[in-house]
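Input: a single structure, listed below in structure tokens.
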Amino acid sequence: EDQVTQSPEALRLQEGESSSLNCSYTVSGLRGLFWYRQDPGKGPEFLFTLYSAGEEKEKERLKATLTKKESFLHITAPKPEDSATYLCAVQAANSGYALNFGKGTSLLVTP
Amino acid sequence: GAVVSQHPSWVICKSGTSVKIECRSLDFQATTMFWYRQFPKQSLMLMATSNEGSKATYEQGVEKDKFLINHASLTLSTLTVTSAHPEDSSFYICSARAPTGSYEQYFGPGTRLTVT
């Protein structure tokens, strides 16, 4: 059975304090790993897709990396507006395009 | 691009009544749409996969007679919660598969359903 585990559950950072969020996964045949950002009361906002181990993608202060067992979302010099819940999801090759989400990491960046 | 809308954004209904939620892809055609449910402080749980012109595929444990899904066009899918009860109160979010060639899903803003 596919599993996605995110850690930590919650993270509090000071503005400018860089850190990483972890997403560990087990899946039978990974088609893709996805990172989303979700603000309270809103739908998830797409950030990145990673398809193969060693792949990296960047967007502003965010950088996502992928290995065969886990993915990291690195946040460099975060700002308060980066506060949100970050969701990781995997898509198995035989899933019919469905996403299996982790429980998310709730990030709070204080000024 | 890849904008998905939902209507309504929130709804309150009485127990025993039915509620319809619409999901539209605004600037692309979506052959496949998905419906998720999210309880407070929980992650998204897939309820069903909706393919245009065919019956929806429901996840294990989701009652297909209670959650009716219709995907009548390439830009519209609807979820009807029939005979709603307080335990159906939740945040319902739809997504649409990105246009051909990519695997991302783009999500709507969600619909907050409260059943009294």
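All values below were derived from every heavy atom in this structure, side-chain atoms included, with hydrogens, water molecules and symmetry-related copies excluded. Here is how names work: the chains are called A, B, and so on, in the same order as the sequence lines, proteins then strands, and each is numbered from 1.
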Hey, any chance [X] and [Y] share a hydrophobic cluster, counting ILVMFWY side chains that come within less than 4.5 Å of each other, even indirectly?
X       : Y      : result
I69(B)  : L76(B) : no
M47(B)  : Y58(B) : yes
V109(A) : L62(A) : yes
V4(B)   : I21(B) : no

- Name the region of E59(B), side chain, backbone, both or neither, that has any atom closer than 4.5 Å to a heavy atom of chain A. neither
- Item | Under 4.5 Å from any heavy atom of chain B - which part of Q6(A) | neither
- Between OG of S43(B) and OH of Y36(A), what distance do you get to the nearest 0.5 Å? 11.5 Å
- Quick one: CD on Q105(B) to CD on Q91(A), what's the gap to the nearest 0.5 Å? 6.5 Å
- Item | Between G104(A), G43(A), A89(A), P40(A), the one whose heavy-atom pairs under 4.5 Å with chain B are most numerous | G43(A)
- Ranked by heavy-atom pairs below 4.5 Å to chain B, first place among E9(A), E45(A), R31(A), K42(A) goes to R31(A)
- Could you tell me if the ring centre of F46(A) sits under 6.0 Å from that of F107(B)? no
- Output every pair passing side chain to side chain donor-acceptor pair (under 3.5 Å) with a member in residues 10-20 of chain B, not counting sequence neighbours, ordered by first then second residue. none
Take atom [atom1] in [X]; do more than 12 heavy atoms of anything else shown fall under 6.0 Å from it?
X      : atom1 : result
H7(B)  : NE2   : no
K64(B) : NZ    : no
K79(A) : NZ    : no
R12(A) : CZ    : no

Answer whether the closest heavy-atom distance between the side chains of [X] and [Y] falls below 4.5 Å.
X       : Y      : result
K103(A) : K41(B) : no
L44(B)  : L87(A) : yes
L99(A)  : Y36(B) : yes

- Item | M45(B) and N100(A): CA distance, side-chain angles, deciding distance, side-chain contact (heavy atoms from CB on, under 4.5 Å) verdict | CA-CA 8 Å; M45(B) 296 299 296; N100(A) 185 0; over 6 Å; no
- What are the two closest non-hydrogen atoms of F34(A) and E104(B), and how far apart are they? CE2-CA, 3.7 Å
- Task: Measure across G41(A) and F91(B) and return the closest heavy-atom pair with its distance rounded to 0.1 Å.
- Result: O-CZ, 3.6 Å
- Task: Return the orientation label for the Y103(B) and Y97(A) ring planes: parallel under 30°, perpendicular over 60°, tilted otherwise.
- Result: parallel
